[in-house]
Structure formats: C-alpha cells, structure tokens
Number of protein chains: 2
Amino acid sequence: MATDDLMTRALEALGDDGPLSVEAIHRLADLADLPETMTIAEVADLLDISPHTLRYYERAGLVEVARGGNGHRVYDAKAVRRLVFLTRMRLSGMPMRDLRHYVSLVDAGGHTVHERLDVLVGHRDAVRRRIRELTLSLVAIEYKIATYGGSTGSDVQEFGTTTGTDRTALPDESLRRALPAE
Amino acid sequence: MATDDLMTRALEALGDDGPLSVEAIHRLADLADLPETMTIAEVADLLDISPHTLRYYERAGLVEVARGGNGHRVYDAKAVRRLVFLTRMRLSGMPMRDLRHYVSLVDAGGHTVHERLDVLVGHRDAVRRRIRELTLSLVAIEYKIATYGGSTGSDVQEFGTTTGTDRTALPDESLRRALPAE
DNA sequence: CTACGCCTTCGAGCGCGCTCGAACGCAAAA
DNA sequence: TTTTGCGTTCGAGCGCGCTCGAAGGCGTAG
C-alpha cells in the first residue's frame, strides 16, 4: 500500500540535517566536562537561549543560582545540568506549569520519585502523540507537493492526470481523500 | 551502537494510537462525500475546532463563507475543503501569518503556483526539523525514564549500577552525557 | 576620569492564537 | 406568547512564554 511507502520515505527523509544547530550539538555533546562555574552569558551560549530567558527561568522558580561577590550570577555544574534538562523539556513542548511542578517535586525530596516518573511518562506520551501527528501532516504535505498542479478550487480533475506517468510513486486513494484543495 | 537501537524503538513506539481522536479520523476519512453545504456547528464538529475559531479564521481572511437567508453562515464543499487544509497546516505548526500569505497567493491566481510550492516546501522542511527535534528529545526522555533512580542532584553514581543487570538494553555513553540531572 | 562592557533588579510590553461575552435576530417548540 | 436554541457582529480579554527597557553597579582599558 502506497501510504506506507510514503510514510516510510517521510521518516527516512528525516535523516538529513538535524534541527539543532551543529554548534549547539557540539556544545551539548560533552556535558561530562563542564566547567566548575559559568557566567550567564556562557550558559546562554551553551543552551542557545538568551540571558533574559535564563533570568526568567530563575524568577519562575525552576532553578536557584548563586551570586558572586560582584552580585553576578554564578552557575555551578548542578544548575547547568538542571537547565540543560529544563530546556530540553521546553524544546519538546512541556509547558512551564508542568516544569514548575516537576521541579517542586524534585525539591520536595526523594519520596516524590514515583510522581516524577508519572510526569515524565506523561510527557513522553505527549511527545509521541505530537510526533505522530506531525508525521501524518508531513505525509499529507508531501503528497500535496508531489501532486501540485496549481488548483484554485476546482481541484478534482488534476489528481487523475499523473496515472501512467508515475513520476514519484504517488500514494493511494485514502490520502487523496484526506487532502483537499489549496 | 545502542543509541540507534533506542532511536529505532522510539520510532516504533509511535505505532500505538494516533494523536488524532478516532472520531476525528473517521470524520475526515471520507472527504469525497461531503454534504453540499454545512452549518458552522457541523464544520466545527468535523474539524474538531470551535465555531469561535471558525469565525476567527474567516475574519482573518483565510476563507470566505456565504450567508443564508437568515444571515447564518453556509459552508459549501469548497470552503470546507479549504478549512480542512488550513487546520491541517495549523496543526502542523504553520503560523497564521504564513497561512494568510498562502491564501493570498491562491486567491491571486494561477501565476503564483511556484511561490505557493515554495511555501509548502518550506513548511515541509520545518515539520521535518520539528519531528527530528522531538524524536531526539523523546529518546532523551525515554532514557531518563529507563534509568530513573530518583537522583536529586548527585546523579552520577546511579548511572553505573545497571551494568551487568542490563534490564532494558540501556543506550550508550553519548546519551548519558546528553542527559543531566533532574 | 571617562568610557565601555557586562552584569543586576524590576516591571511592563508584546506577539500569537484563540476565547469569550454582550447584545441581538430568527424560527420552531411548549 | 414566551421560551429555547442556534446563530449573528464586534470588541475586548486571556494565557503563554518570553522579551525588552530603564536605571544602576562594578571593574577594566584607554
């Protein structure tokens, strides 16, 4: 069935270039050897977010950051590791609200481990659903691109024209039905 | 390499239940036989969005909808098909701004086909990047769940305990390095 | 000494995508 | 006739996640 083919190719096509910038990957590759302490600018650079956002996260109660003698923030390795985790969760769509909840569990002590796992599992499932949702949309978009003729409303006649030519192994009827005009 | 294994399993795990509700899939399965016209409530039900949102899309210039004798909106098949497309693009993360642009191209006539394709291809690439981004996060989250011991900052010692037991074929070092505390 | 650069706190503002509510119209049911 | 239900227009409000800017401190370079 052609839908599976397209789905497979859609998934394969993801092997191109990552969505994370190459620098960001490099910077995150070796979390093992983090410096003892970092400035806000260094952390911002590491995480690819602005100092403003870092201060915002701190204000939101997601992380505690010490101050140096000059009043400047001093991020130790523990704070940085937590921020790496937090930004990863944010990037995958976890709301600030849930993140605050999770952090409060962590700070509450070891007896909250079970509930923390519930949060993680819930988010994992949400990410899975979102990926699936996006993959379905991707298939639809790729189909539309593959069959695009420039329809401006009266679209039906164009879908029959490529039978025989078969320029890109077009998907099946179920897709055609799911992909309307424009 | 174990990372690939986890990645593969992460992708396979997506085969569970779709993110779209079963009803929504059923309702969208047969776009071929749409009724001649639909009310706002019917379209809202079909697309799983609120009538408020439908009016908002119309106000935003994304679609024109006729009025019946009583002043009520009358959605014809063409409008419904466009709205199906629009909601699919929205669901996959295309901003309203881009959607407005695309619609303006469609309404401008056939000479904009090339530019329309550019928009679609651009969005396709964005969706691909987002899927990849989410997949990476998913792998990280699954790793964290699999190895969770309840670390509260001093996390390092826990990552060595499972060597030998090998309860779930844990991934490799590169992942460990990418997944910090909490 | 001045200027620069990087940092601080705090409160306000912004862009997005809805979401809501008030005030009203029309038609069928009780 | 009154009520119920579904619709209309329009403008305002909301939740989210930043993002910005003002006003100032501190330390080094020129």
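Each chain gets a letter, A, B and so on, in the order the sequences are listed, and its residues count up from 1.
- Distances from the side chain of A:R90 to the nucleotides D:dC18, C:dC18, D:dT8 place D:dC18 closest.
- What separates CD of A:E42 from C1' of C:dG5 is a distance of 15 Å, to the nearest Å.
- For A:E64, the CD atom counts as loosely surrounded, since its 6.0 Å shell holds 12 or fewer non-hydrogen atoms of other residues, nucleotides or ligands.
- Within 3.5 Å, no donor on the side chain of B:R97 pairs with an acceptor on the base of C:dG17, nor the reverse.
- In this structure, CE of A:M94 is placed 16 Å from C1' of D:dG17, rounded to the nearest angstrom.
- For the pair B:T39 and D:dG7, the criterion of a side-chain N or O lying under 4.0 Å from OP1 or OP2 is met.
- Under 4.0 Å is where a charged nitrogen must lie from a carboxylate oxygen, and between A:R130 and A:E133 at least one such pair does.
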5' to 3', nucleotides 24-30 of chain D under a 4.0 Å protein heavy-atom cut-off (B base, S sugar-phosphate only, - none) gives -B-----
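- Taking a cutoff of 4.0 Å between a charged side-chain nitrogen and a carboxylate oxygen, A:E42 and A:R73 do not qualify as a salt bridge.
- Nucleotide C:dC18 holds its P atom 6 Å from the CE atom of B:M96, rounded to whole Å.
- At whole-Å resolution of the value, CZ in A:R67 and C1' in C:dC6 are 15 Å apart.
- Taking every side-chain heavy atom of B:Y56 into account, C:dC18 is the closest of D:dC20, C:dC18, D:dC18.
- One can place CE of B:M89 at 18 Å from C1' of C:dG17, the figure rounded to the nearest angstrom.
- Residue A:S50 is out of contact with every strand shown, counting any heavy-atom pair closer than 4.0 Å.
- B:P95 comes within 4.0 angstrom of the backbone, heavy atoms only, and of no base.
- With C:dT19, D:dT8, D:dG17 as the candidates, the nucleotide lying closest to the side chain of B:H52 is C:dT19.
- Taking only side-chain nitrogens and oxygens, A:R55 never comes nearer than 4.0 Å to OP1 or OP2 of C:dT9.
- Remark: P of C:dC6 and CG of A:D45 are 12 Å apart, rounded to the nearest angstrom.
- Salt bridge annotation for A:E58-A:R82: absent, with no cationic side-chain nitrogen under 4.0 angstrom from a carboxylate oxygen.
- OP1 or OP2 of D:dC18 lies within a sub-4.0 Å distance of a side-chain N or O belonging to A:Y57.
- With salt bridges taken as basic N to acidic carboxylate O contacts below 4.0 Å, none links B:D125 and B:R132.
- Going from atom CD of B:E58 over to atom P of C:dT19 covers 17 Å, rounded to whole Å.
- The heavy-atom pair separating B:A140 from A:R88 by the smallest distance is CB-CD, 3.5 Å.
- One can place CG of A:L54 at 11 Å from P of C:dC7, the figure rounded to the nearest angstrom.
- Contact check on B:D107 versus B:R100 returns no salt bridge, with no Lys/Arg side-chain nitrogen under 4.0 Å from an Asp/Glu carboxylate oxygen.
- The base of C:dG11 sits with one of its N or O atoms less than 3.5 Å from a complementary donor or acceptor on the side chain of A:R59.
- When heavy atoms are screened at a 4.0 angstrom cut-off, A:A41 is found touching the sugar-phosphate backbone but no base atom.
- Using a 4.0 Å cut-off between a side-chain N of Lys or Arg and a carboxylate O of Asp or Glu, B:E36 and B:K78 do not qualify as a salt bridge.
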